[in-house]
Number of protein chains: 2
Amino acid sequence: MRSIIGRALLLSIGGSQLAFSQTVSAPQSEPLEGVPVSTNIPGAQFPRVNPDRSVTFRVHAPEAKFVGFRIDSIYAAERNAAGDWTVRTKPQVPGFHYYWLIVDSVRVNDPSSETFYGTGKQTSGIEIPEPGVDFYDVKNVPHGEVRERWYYSSTTQTPRRAFIYTPPGYDRSRVRYPVLYLQHGGGEDERGWVEQGHVAAIMDNLIAEKKAKPMLIVMERGYAVRPAPAATAPAAPADRFAPMAAFPDVVVNDLIPMIDSTYRTLTDREHRAMAGLSMGGMQTFQTTLNHLDRFAWIGGFSGAGGGFGIPGAVALDVKTSYKGVLADSAAFNRKVKLVWLGLGTAEPQRMHDGIMAFHKALDAAGIRHVFYESPGTAHEWQTWRRSLHEFAPLLFRAGTEKQTASGGAGRPRSGT
Amino acid sequence: MRSIIGRALLLSIGGSQLAFSQTVSAPQSEPLEGVPVSTNIPGAQFPRVNPDRSVTFRVHAPEAKFVGFRIDSIYAAERNAAGDWTVRTKPQVPGFHYYWLIVDSVRVNDPSSETFYGTGKQTSGIEIPEPGVDFYDVKNVPHGEVRERWYYSSTTQTPRRAFIYTPPGYDRSRVRYPVLYLQHGGGEDERGWVEQGHVAAIMDNLIAEKKAKPMLIVMERGYAVRPAPAATAPAAPADRFAPMAAFPDVVVNDLIPMIDSTYRTLTDREHRAMAGLSMGGMQTFQTTLNHLDRFAWIGGFSGAGGGFGIPGAVALDVKTSYKGVLADSAAFNRKVKLVWLGLGTAEPQRMHDGIMAFHKALDAAGIRHVFYESPGTAHEWQTWRRSLHEFAPLLFRAGTEKQTASGGAGRPRSGT
């Protein structure tokens, strides 16, 4: 017991902030393979990514009975005489992955890692570099900003937070910009695209290369419930899908008016897009297809309309779903500038099936859309970074319809 | 072993993002005292703050041998038959506190809590409400923004990140604003004032009440090293004080020029202030007193000049320190509009002594300054939120010198 307390106190000097990281460092004699990952806290030598893209994890836990690291699967670590538990994984897919430790049955974060809000809580994350790929790195190009903004929602009757990407030069220009509303997935929040997704770096780089038009990107909290009846305290929701009900109303009645009155935006539907990943893709189709007077560009990244394979959800009926807007494909194709669907080739079966069903239903109905598959990635951020990187260049261009129908990007499919 | 793996897999559906929080919830039969704290992740019922400001912590850890919660001290938790470990603390001081769990010798975060970069890593944090005090809450007033901006530093030859608070109305106005450079403490980073400090809420509220002038606030990373000689990989620093060496050069040569060329700022010294907490206070005196041609307003929140009691640091010599700018107090008092020193009454002895020594040395030298003590708080964010709330209203006002000398705010001291 003394050793436990002694160790904890060592981490704090006089109860003050002047307590610094105690990270696991390797003994001088041990040759270290690989390099510390970019998602480590400063100074942490583990986890390390090795040349074969395997990861070596390590944590100091002298009194634990079991230490495991959960990434693509659970890896039981081995203890050395000093109480350090180490394990080397199989080679990992490039990109960002959530991971965690299991210490004597408790799921916890790795003290050596930054944390990211995902899986419904703050979770360790690891960035596996992809050789030759830097479209989501911060480079020495003109930078936009990501702005944290609070606003009051009359739908939920609460303050809500959004992050807004403004492109390089926004402050100095006098022009108005189109807007992409971009949503995170279930268990994540408005920080997801900023922190895990690297949205600012992706857009800064695309704009610097003149591959995407300068635009604003709005990322909102996504969860939205109407206030409970008076004298009833709002209960903490057990299911994170249920509390989405009010979100389309928040977007249409609160968020868009706030954005258009606060920023220099183009406010017609031809200059407003919405996209989202997974749950955010569902929300995108739910919001845009019910409000085509507001949106002309639509994207689903590993997320689709029509129930998306969720047990109990209503299946897509092209004649009746979304107030029947899909029923007249010619009218829909004239009105909507872009429908974009993407997924990873390694998605879990349920995700794959839900998205493919929607894709095929659109094909069968003659709804023109772009279809993209991210090679080798699953239901994860590398799929969604690539999706944004493919999707954003198509937005707000007069020739996108023709371009996508002739194979300019992704793998376009033209119905009928 | 099966139970461990079963539990971990339960948290993830098909390896996807659709894995939601598994938080500890109380059985229906157990009466719960207090309320979940605002720093919990959504839905988490623990930790709870009770009416006497004690905290009840709980974590599910059926196979652990020891679970402790470290806040003001370490509280050993008790296990029930279901494997939940619970403990109730002594009453806590209002405000924000870092805390953590110890599970079988491993320091980890509480899965129920948001995390905050402090103590050199991501750390659980808890907000204890202060009855009747809401100056740092998000209210329904006009909101400014916090902007994340990357820029390239020629001093460190790396991209660096800053957060910039812009006041309500910045985008629509044509006026130029004064700037406060505001630094975090050791083991924290540029996120500290935004997330732990609630800087935007404090400023939005002060500005709405017309108690502070609208201003920009720039919060930078603080750690800064010059590039290593060629072919030498920069080593991860073991000591977080050492890597501050290049910070004043970053501020003066890189950060200020970037800010003044990017934002509508007033660029003369009379419209530029710097303040910081703890290590950031040291950095403030180091930067401002060596560059009085750039700054006219100076604040130290639980942080001071002159070595600040750090073993081995050079003690203050008013005749020679900082190029001798303190030697001629009359000239200094004419040139510098405000020197502000604050600390908590419950600071650890070493902090208290370091700050008081600086305070007394300034008094003895006839350097006019405001001195503030935060009642009942230690080396912690409530001291620094209060400090900002006292300091910001004094900035960029013609009458501040007279006002502070006559007791308008804080507890002013006039030397000589």
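To find a chain, count down the sequence lines: A is the first, B the second, and so on, and within it residues start at 1. For clarity, every value in this text was computed on a predicted model and none was experimentally measured.
- Between B:Glu148 and A:Val194 the shortest side-chain heavy-atom distance falls below 4.5 Å.
- Take B:Ala77 and apply the side chain to side chain contact (heavy atoms under 4.5 Å, CB included) test, not counting sequence neighbours, and it matches B:Val67, B:Phe69, B:Trp85, B:Val87.
- Checked for salt-bridge contact, B:Glu195 and A:Arg191 miss the test: no charged N lies under 4.0 Å from a carboxylate O.
- In this structure, no portion of B:Arg264 lies under 4.5 Å from any heavy atom of chain A.
- A:Pro111 and B:Lys121 make their closest contact through O-CB, 3.9 Å (heavy atoms, listed as atom of the first residue, atom of the second, distance).
- Chain B forms more heavy-atom pairs under 4.5 Å with one residue of A:Val138, A:Thr123, A:Asp204 than with any other, namely A:Val138.
- Here the shortest heavy-atom pairing between A:His60 and B:Val106 reads O-CG2, 3.9 Å.
- Across every non-hydrogen atom of A:Trp150 and B:His143, the tightest pair is O-CD2, 3.3 Å.
- Of the listed residues (A:Lys65, A:Gln122, A:Arg149, A:Glu145), the greatest number of heavy-atom pairs within a distance under 4.5 Å of chain B belongs to A:Glu145.
- Listed options A:Val108, A:Asn40, A:Thr166, A:Asn109 were ranked by heavy-atom pairs under 4.5 angstrom with chain B; first place goes to A:Val108.
- Every side chain to side chain contact (heavy atoms under 4.5 Å, CB included) that A:Ser73 has, sequence neighbours left out, goes to A:Tyr75.
- When the candidates B:Gly83, B:Pro159, B:Pro36, B:Ala64 are compared by the number of heavy-atom contacts under 4.5 Å with chain A, B:Ala64 comes out ahead.
- Only the backbone of B:Ser113 comes within contact range of chain A, judged by heavy atoms closer than 4.5 Å.
- Note on A:Tyr263, A:Tyr165, A:Tyr170, A:Tyr151: by heavy-atom pairs under 4.5 Å with chain B, the leading option is A:Tyr263.
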